[in-house]
> 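Here's a structure for you.
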Amino acid sequence: MAKPSDEQSAEHVSRPELGDLSARLKDLSGRIAAERSEQAESAKPPASLEGASGYAKGYRLASEFVAGTLVGGLIGYGVDWLLGTKPFGLIILLLLGFGAGILNMARAANRVPPAKERIGSNQPPKGGSSR
């Protein structure tokens with residue numbers, strides 16, 4: 001294998017499209033590093049669960065689920081009692097409470113970000129040039 005001469009390497013450096021490519025590559029590697037550090041930060045458990053044991057985490061997640069389901073069931077029973085629509089209000093609001101319990105449990109386990117973070121997460125990268 002022959003090494004390129006100094007003239008050939010100087011020719012590659014002086015070409016403007018390679019300089020632009022190098023700058024874009026450095027920008028891309030910087031953005032990748034920032035995204036990796038952001039993902040590593042978001043993978044950490046929330047501060048409320050950080051020092052807890054496994055049992056404490058399990059009980060907290062279970063209580064989030066049970067609380068959502070019970071609240072939905074109680075509100076449904078109250079709606080049925082007030083309006084006389086037994087059992088439709090109970091069934092509908094019990095299912096909504098079940099869904100809310102699942103969502104609260106996922107948020108407590110840091111699986112689903114809050115709505116404010118989800119809305120701003122689909123923005124295009126900054127500083128990029130389009131062609």
Side-chain angles (χ1 to χ4, degrees):
M1 293 187 179
K3 291 185 177 180
S5 66
D6 290 333
E7 291 175 6
Q8 289 177 340
S9 61
E11 179 183 314
H12 288 294
V13 173
S14 66
R15 290 175 46 188
E17 64 269 2
L18 290 181
D20 184 39
L21 181 63
S22 176
R24 288 177 32 209
L25 187 59
K26 286 180 184 178
D27 180 49
L28 178 63
S29 64
R31 289 194 326 218
I32 289 173
E35 184 69 27
R36 282 185 181 161
S37 66
E38 185 178 308
Q39 285 179 355
E41 185 70 28
S42 67
K44 292 180 182 177
S48 61
L49 291 178
E50 196 167 309
S53 69
Y55 285 117
K57 290 177 187 176
Y59 280 121
R60 169 139 189 252
L61 295 177
S63 68
E64 293 280 347
F65 174 70
V66 170
T69 305
L70 280 177
V71 167
L74 289 174
I75 292 174
Y77 182 78
V79 166
D80 281 340
W81 184 75
L82 287 174
L83 301 178
T85 58
K86 292 179 183 171
F88 298 110
L90 176 65
I91 292 171
I92 291 170
L93 288 173
L94 188 65
L95 289 174
L96 286 174
F98 181 81
I102 296 278
L103 183 62
N104 286 339
M105 191 172 59
R107 283 185 182 154
N110 202 20
R111 299 283 183 197
V112 177
K116 289 181 182 177
E117 292 179 18
R118 285 183 290 176
I119 290 172
S121 64
N122 293 333
Q123 295 177 355
K126 297 175 183 157
S129 61
S130 60
R131 292 182 183 216

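In this chain, residues are counted from 1 in sequence order.
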> For the backbone of Glu64 and the side chain of Asn104, can you confirm whether one donor and one acceptor N or O come within less than 3.5 Å of each other?
no
> Start with the C-alpha distance between Arg31 and Leu28, add both sets of side-chain angles, then the distance that settles side-chain contact (heavy atoms from CB on, under 4.5 Å), and finish with yes or no.
CA-CA 5 Å; Arg31 289 194 326 218; Leu28 178 63; 3.9 Å; yes
> Just how far is it from atom CG of Asp20 to atom OG of Ser22, taken to the nearest 0.5 Å?
9.0 Å
> What are the two closest non-hydrogen atoms of Tyr77 and Leu90, and how far apart are they?
N-CD1, 3.9 Å
> Looking at Thr69 and Phe98, what are the two nearest heavy atoms and their distance?
OG1-CA, 3.8 Å
> With Leu93 as reference, evaluate Val79, Leu74, Val71, Asp80 under the side chain to side chain contact (heavy atoms under 4.5 Å, CB included) test and give the passing residue.
Val79
> So if you build clusters from Ile, Leu, Val, Met, Phe, Trp, Tyr with side-chain heavy-atom gaps below 4.5 Å, do Ile75 and Leu94 land together?
no
> In terms of hydrophobic clusters joined by side-chain contacts under 4.5 Å, are Leu83 and Ile92 together?
yes
